[in-house]
Amino acid sequence: MQIGNRRDLPLVVVTVLLGCLALIPLGWFSLIVLVYGQGAFHNRHHQAFAVHGVKCVPLAGQFEKSFPDCWHSISYGPDQTPLLVSEAYFGDRYQLRMEIPVRIDSATEGAPVGPARLLLLEFKDVTVLADGRVSASFSGQTEFDQLAWEKVLDAGGDFTSIGYPVNPLPVANFAAYVRALHPEK
C-alpha cells in the first residue's frame with residue numbers, strides 16, 4: 001500500500017475509526033478502575049486499624065478495658081466517614097455498641113474526629129432455628145452519648161446511673177446468637 005494511493009484511503013480511515021472505537025471501552029474501563037479503585041486504595045488500612053486503633057482512640061481503649069472480649073471493626077457513616085465500632089455482649093441479655101468517627105492515616109495511626117455514639121440493646125428472646133440459623137427479638141434499646149458512657153464507667157459499669165435498669169435474668173440461647181455473629185471467638 002502506498003501512502004499516496006487514493007484507493008486505499010477509505011480502508012485507512014475505516015481502520016483508524018475501528019481502532020478508536022475499540023479503545024473507547026478500554027477508556028471507560030480505565031476511568032471506572034480509577035474512580036472505584038481510588039476508594040479501595042484509600043480504605044486499604046481500615047480493617048487493620050480496627051485492631052490497632054484502640055491505642056489511638058482512648059474511648060475505644062476504655063471500652064476494651066471494660067469488656068475485654070469485645071470486637072472492633074470499621075463501618076462507615078452516611079457521609080462515608082470511617083467509624084471505629086466496638087461491640088460487647090454481657091449479662092446473657094445485652095449488646096453494647098459504640099461508634100466513634102475516626103480519621104485513619106495507616107493500619108496503626110489515626111485519631112477520633114467526632115463524638116462517640118453508644119447503643120444498648122436488650123434482647124427479649126433468641127431462637128435457634130432447625131437449620132442452625134439464629135433469630136432474635138429485642139425488648140428495648142437506648143442510645144446515649146460519650147458523657148453518659150463516662151457516667152456508666154464512673155459508676156463501675158452500672159447503667160442505672162443513666163436511668164437504664166439492667167435486667168439480671170439471662171435470655172436462653174443468647175450465647176448461640178453471639179457465636180452466630182462472631183464465630184471466630
Side-chain angles (χ1 to χ4, degrees), residues 39-40 43-102 104 107-108 110 112-185:
N43 297 343
R44 73 185 185 281
H45 297 298
H46 286 195
Q47 291 309 321
F49 182 79
V51 175
H52 303 291
V54 175
K55 297 173 188 153
C56 304
V57 182
L59 202 56
Q62 286 177 335
F63 192 95
E64 189 170 85
K65 188 176 179 183
S66 298
F67 300 99
D69 290 335
C70 68
W71 287 269
H72 302 287
S73 63
I74 297 294
S75 184
Y76 300 92
D79 61 353
Q80 295 304 304
T81 299
L83 302 171
L84 177 58
V85 177
S86 300
E87 285 184 319
Y89 300 86
F90 65 95
D92 286 331
R93 183 177 207 94
Y94 293 95
Q95 175 187 359
L96 180 61
R97 177 182 174 100
M98 179 170 57
E99 299 175 347
I100 305 170
V102 292
I104 300 173
T108 59
V113 295
R117 175 181 165 261
L118 291 99
L119 180 67
L120 180 64
L121 293 170
E122 181 178 358
F123 285 70
K124 181 179 180 182
D125 59 45
V126 175
T127 305
V128 178
L129 304 173
D131 62 3
R133 290 179 298 143
V134 181
S135 171
S137 63
F138 304 94
S139 60
Q141 74 176 38
T142 188
E143 187 174 325
F144 53 99
D145 61 14
Q146 187 171 332
L147 292 174
W149 171 243
E150 289 170 3
K151 278 185 181 179
V152 170
L153 289 176
D154 290 344
D158 183 5
F159 285 91
T160 59
S161 64
I162 60 169
Y164 196 89
V166 173
N167 185 338
L169 297 175
V171 171
N173 300 315
F174 184 80
Y177 178 85
V178 175
R179 276 194 310 276
L181 285 180
H182 300 284
E184 67 278 2
K185 283 202 176 189

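Starting from 1, each residue takes its place in the sequence as its number.
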S.K.: Would you check if Phe49 and Val102 make a side-chain contact, meaning some heavy-atom pair closer than 4.5 Å?
M.R.: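 Phe49 vs Val102: side chains touch.
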S.K.: Does the side chain of Trp71 reach to within under 4.5 Å of the side chain of Leu181, using non-hydrogen atoms?
M.R.: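 A side-chain contact under 4.5 Å is absent here.
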S.K.: Taking all heavy atoms of Pro82 and all of Ile104, pick out the closest pair and write down the distance.
M.R.: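 The pair with the smallest heavy-atom distance is CB-CD1, 3.9 Å.
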S.K.: Answer whether the closest heavy-atom distance between the side chains of Leu119 and Gln141 falls below 4.5 Å.
M.R.: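 Side chain of Leu119 against side chain of Gln141, heavy atoms only: contact under 4.5 Å found.
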S.K.: Determine whether Phe90 and Leu120 make a side-chain contact, defined as any pair of heavy atoms from C-beta on separated by less than 4.5 Å.
M.R.: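 When only atoms from C-beta onward are counted, Leu120 and Phe90 do touch, with a gap below 4.5 Å.
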S.K.: Quick one: closest heavy-atom pair of Pro112 and Val57, and the distance?
M.R.: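 So the two residues come closest at CD-CG2, 4.1 Å.
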S.K.: Can you list, pair by pair, the side-chain donor-acceptor contacts under 3.5 Å of residues 163-170, counting residues two or more places apart and other chains?
M.R.:
residue	atom	partner	partner atom	Å
Tyr164	OH	Glu122	OE1	3.2
Asn167	OD1	Leu169	N	2.9

S.K.: Could you measure the distance from the CD atom of Glu99 to the CD1 atom of Ile74? Nearest 0.5 Å is fine.
M.R.: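 Atom-to-atom, Glu99:CD and Ile74:CD1 are 11.0 Å apart.
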S.K.: List the atom of Cys70, the atom of Ala88, and the distance in Å for their closest heavy-atom pair.
M.R.: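 Cys70 and Ala88 have their closest heavy atoms at CB-CB, 4.1 Å.
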S.K.: Distance from Asp125 atom CG to Ser139 atom OG, nearest 0.5 Å?
M.R.: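 That separation rounds to 9.0 Å.
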S.K.: Enter the distance from Asn173:CG to Arg179:CZ here, rounded to the nearest 0.5 Å.
M.R.: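 So the CG of Asn173 and the CZ of Arg179 are separated by 9.0 Å.
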S.K.: I need the Gln47 CD to His52 NE2 distance, nearest 0.5 Å.
M.R.: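 Gln47 CD to His52 NE2: 11.5 Å, rounded to 0.5 Å.
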S.K.: Find out whether Ile100 and Phe63 are in side-chain contact, i.e. whether some heavy atom of one side chain is under 4.5 Å from a heavy atom of the other.
M.R.: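 Not touching, per the 4.5 Å side-chain cut-off.
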S.K.: At what distance, to the nearest 0.5 angstrom, does OG of Ser73 lie from CG of Leu84?
M.R.: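 These two atoms lie 7.5 Å from each other.
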S.K.: Is a side-chain donor or acceptor of Asp92 paired with a backbone partner of Phe174 at a separation under 3.5 angstrom?
M.R.: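 Not confirmed, Asp92 side chain does not pair with Phe174 backbone.
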S.K.: For residues 145-155, please give each side-chain donor-acceptor pair under 3.5 Å, one per line with the distance, not counting sequence neighbours.
M.R.:
residue	atom	partner	partner atom	Å
Asp145	OD1	Leu147	N	3.2
Asp145	OD1	Ala148	N	3.0

S.K.: I want to check something: taking the side chain as every heavy atom from C-beta on, are Val126 and Val134 in contact at a cut-off of under 4.5 Å?
M.R.: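 In contact.
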S.K.: Kindly compute the distance separating CD1 (Ile162) from CZ (Phe144), expressed to the nearest 0.5 Å.
M.R.: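 If we round to the nearest 0.5 Å, Ile162:CD1 and Phe144:CZ are 4.5 Å apart.
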